[in-house]
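Single-structure report; data block below.
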2 protein chains.
Amino acid sequence: MSETWSVDEHLEDILRAIRPLEPIELRLLEAQGCVLVEDVTVPAALPPFDNSSMDGYAVRVADVEGASEEFPAVLDVIGDVAAGSGDLPTVASGQAARIMTGAPLPPGAEAVVPVEWTDGGTGGGPAESMQARGAAPQAASGEVRVHRSAAPREHVRAKGSDVKAGSVALTSGMVLGPAQIGLLAAIGRGTVTVRPRPRVVVLSTGSELVPPDEPLGPGQIHDSNSYVLTAAAREAGAIPYRVGSVTDDPETLRSTIEDQLIRADLVVTSGGVSVGAYDVVKEALSQGDLDEGTVEFRRLAMQPGKPQGFGLIGPDRTPILTLPGNPVSAYVSFELFVRPALRTLMGLEPVRRRAVRARLEAEAPLSSPDGKRQFLRGDYTPPEKTGQEALGTVTPVGGPGSHLVASLAQANALIEIPEKTTEASPGEDVTVIPLD
Amino acid sequence: MSETWSVDEHLEDILRAIRPLEPIELRLLEAQGCVLVEDVTVPAALPPFDNSSMDGYAVRVADVEGASEEFPAVLDVIGDVAAGSGDLPTVASGQAARIMTGAPLPPGAEAVVPVEWTDGGTGGGPAESMQARGAAPQAASGEVRVHRSAAPREHVRAKGSDVKAGSVALTSGMVLGPAQIGLLAAIGRGTVTVRPRPRVVVLSTGSELVPPDEPLGPGQIHDSNSYVLTAAAREAGAIPYRVGSVTDDPETLRSTIEDQLIRADLVVTSGGVSVGAYDVVKEALSQGDLDEGTVEFRRLAMQPGKPQGFGLIGPDRTPILTLPGNPVSAYVSFELFVRPALRTLMGLEPVRRRAVRARLEAEAPLSSPDGKRQFLRGDYTPPEKTGQEALGTVTPVGGPGSHLVASLAQANALIEIPEKTTEASPGEDVTVIPLD
């Protein structure tokens, strides 16, 4: 416990020990937001057949050559080709088939004329639309007057023009958003192999903790850490299980964690990791008897968040991060260490949030302890526009105290002051980590 | 149907008709991502009592004045004050109470000296930590040597120093993220009044549609729209119910929609809204017999996505947006119309995605139809850094064809070409809507 670790050393130690979760096969919509771990090959061409891109009439090119409103081509309508039609009529010379968008081009036809280029079979002027089949079934027969000529393949979407059979539609490593899920559905994939969302067990420790909807006794406070960490884990893409708060009894804590390991890809605790006589997490986990698992407790050169622990425990060597108990310390620690760990489990990159530079707007200089990396809460305003010579600005919110949960709720960014900097003056450029 | 609407007119018409959902009371973690619709007042000060910010000893200031390692102050340890302690010892002159971070400052004590400023009760040199109570219960008694003096209130967090009773912690209109949920928990709120997530019923129409995991017959294609729209609705914060695809039969469609209305805050359909004889959505919904609800079908001056419908249907006047069936048209329509509608229901602002300017990188000029707003898929790269005189760049992905789902899956942005622009040349600045 006497050695002090830097923020980066602690994070590297965590990331070195954590492997991405084993891929599993999930149904499409369950895989949303997950990382693909297969190259997806297109099994059959898309579209699977030549089809119409318009509602209109499938015709032979020679039959409508030179057609105009004054001298329309008059064709016999031999039937309807609706989308989904399997049984197609053959279009012979002098004939047309009424065809819907997406319907297969029937044999014999070479092009599609949109309904707006015809009289829609009404015998009148140019049509605006077809008559609904329900209202006018007879419109699938009779005659149609075509007012314009069509080039070969006009308004025909060729088989395979979207993707060809055998081509790679999506490559391993892509994140599955709506458009990728749509493509997978379109090529007939009902399931897909991805890294699953990690299941995260969240618990806070402290005999003083009471659930938010229960009244406080003397010396008690409401448990907020298990709520913050659960919400943050979910926001990071994990499936959180909030166990709630556990009293400062090492045996209870140890057995609670052991019970939870079965559903955990990662365990996060808060509290009980400092130098006190009741630091239950340290007492429960530093004895190395959780199936030979070990947790190392460290002092970090950071503020807030000095006391931290990390280890692999239980039969599956489940990673556990033990965060300090002050609410702001716990939240900052989540951002710096737990979130990158979760993203590593999911295979998402980059694992760290992006940092930007911003101009410090403050009434007085910010002071920061020498040798510690300090994280202050800030209100960050991005530059008005990209493309201008302008930085965003950041204003500190609240003080450096690690219990200031009220100001944390007003912040949208962390201000990072490096170890060797002891003062940042108004107007200086500082490093900011937007929390969006 | 003959009038043409602009993109903006259609969107304004939708947004004018849609009201934010009525607020409901939700448990904290269910309210994540929702908009608060109450000003939350702090019922009791936070912290609720003066407490220690360190693990150490609660002392009287006069007792440790002038103490040093050479001449320590020797105090009688009268017991432990753990976090959560209700029954507090009184610290008299010459006495100290061992105290943990977060524990109430006991009566009589005026400051806390950290354990590192003492011998930890061991009789030896400066301590690094306390002995765990489990291992050394006797350490809560005996003597402690204090090596430094303390100022009044040093290492004491004052009652109400975080938030005062009666102050406003969060204001109506805030979005509840992890930090806000943490603050609510900290002040003892187990539930909170928010606008709920909208429930969105998603269905696609078309007799040609087959679920992705079933084989295709002649003329059939896989249903992808219901997957894309479900995933997109979820990404926008809604709770989607994917009904799947419905055949081109007006009665079936009408009864399906009527059945679903009970769980819908919004209905989204795709397909069947154009000018064909089998355009089932138009046929089923333009007759105005869904409990007096009406849906208006329109031509929009946009590409893709020309045919659109919007209305309020059923006893609760549930909004319905009927999107065109081409996959790219459906997706672009979701982004332009459904997403803003969902954000309006949730009370989220802004309702539209931000647009940025970017430099067009293309091999040839892009052409766009006169009088239509065109949306092309693009690969957008933001500027390297903020604060530099540089725009991001955007490269078109795939062609303008509305069936190109493969290229849609490679895009991360829409390129928006205004109605009056018919050509955009490489190197020009264009408007880009990042889809992130």
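Only a predicted model underlies this, so the values are computations on that prediction, with no experimental measurement involved. By convention in this document, chain letters (A, B, ...) are assigned in the order of the sequence lines, proteins followed by strands, and residues within each chain are numbered from 1.
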Under a 4.5 Å heavy-atom cut-off, does chain A meet the side chain of [X], its backbone, both or neither?
X         : answer
Ala135(B) : backbone
Ala169(B) : backbone
Leu216(B) : side chain
Leu408(B) : both

Nearest 0.5 angstrom please: [X] [atom1] to [Y] [atom2], how far?
X         : Y         : atom1 : atom2 : result
Gln220(B) : Ser85(A)  : CD    : OG    : 10.5 Å
Gln410(B) : Thr171(A) : CD    : OG1   : 7.0 Å
Gln32(A)  : Tyr227(B) : CD    : OH    : 13.0 Å
Thr230(A) : Ile181(B) : OG1   : CD1   : 9.5 Å

Heavy-atom contact with chain B under 4.5 Å, split by part of [X]:
X         : value
Ala139(A) : neither
Asp279(A) : side chain
Ala132(A) : both
Glu283(A) : side chain
Leu435(A) : neither
Met54(A)  : neither

Looking at [options], which one has more heavy-atom pairs under 4.5 Å with chain B than the rest?
options                                   : result
Gly217(A), Ala82(A), Ser53(A), Ala127(A)  : Ala82(A)
Gly56(A), Pro215(A), Gly271(A), Ala231(A) : Ala231(A)
His222(A), Gln131(A), Arg98(A)            : His222(A)
Gly219(A), Ala140(A), Ser226(A)           : Gly219(A)

Please lay out, stage by stage, how Arg157(A) and Asn326(B) fare under the test side-chain contact (heavy atoms from CB on, under 4.5 Å). CA-CA 12 Å; Arg157(A) 294 189 291 220; Asn326(B) 278 319; 3.0 Å; yes

Should the pair Asp213(B)-Arg189(A) be classified as a salt bridge under the 4.0 Å nitrogen-to-oxygen rule?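 Arg189(A) and Asp213(B): not salt-bridged.
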
Between Glu128(B) and Arg299(A), does a side-chain contact (heavy atoms from CB on, under 4.5 Å) hold up when you go through it step by step? CA-CA 11 Å; Glu128(B) 281 213 326; Arg299(A) 275 190 199 125; 3.8 Å; yes

Listed by chain and number, what are the side-chain contact (heavy atoms from CB on, under 4.5 Å) partners of Ala409(B), not counting sequence neighbours?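 Residues passing side-chain contact (heavy atoms from CB on, under 4.5 Å) with Ala409(B): Leu170(A), Gln180(A), Leu183(A).
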
I'd like to check Glu116(A) versus Val275(B) (side-chain heavy atoms, cut-off strictly below 4.5 Å). Are they in contact?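 Side chain of Glu116(A) against side chain of Val275(B), heavy atoms only: contact under 4.5 Å found.
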
Would you check if Pro48(A) and Ile221(B) make a side-chain contact, meaning some heavy-atom pair closer than 4.5 Å?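 Pro48(A) reaches Ile221(B) side chain to side chain.
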
Selection from [options] maximising heavy-atom pairs under 4.5 Å formed with chain A:
options                                    : result
Pro104(B), Pro218(B), Gly188(B), Gly190(B) : Gly188(B)
Ser224(B), Ala277(B), Ala179(B), Ser129(B) : Ala277(B)
Gly177(B), Ala186(B), Gly102(B), Ala411(B) : Ala186(B)
Gly86(B), Gly182(B), Ala358(B), Gly276(B)  : Gly276(B)

Just checking, any donor-acceptor pair under 3.5 angstrom between side chains of Tyr278(B) and Asp80(A)?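 Asp80(A) and Tyr278(B) do have a side-chain donor-acceptor pair below 3.5 Å.
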
Main-chain N/O of Leu29(B) paired to Arg234(A) side chain as donor or acceptor, under 3.5 Å: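 A pair under 3.5 Å: yes.
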
What are the two closest non-hydrogen atoms of Pro212(A) and Ala185(B), and how far apart are they?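 Scanning both residues, the minimum pair turns out to be CB-O, 3.7 Å.
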
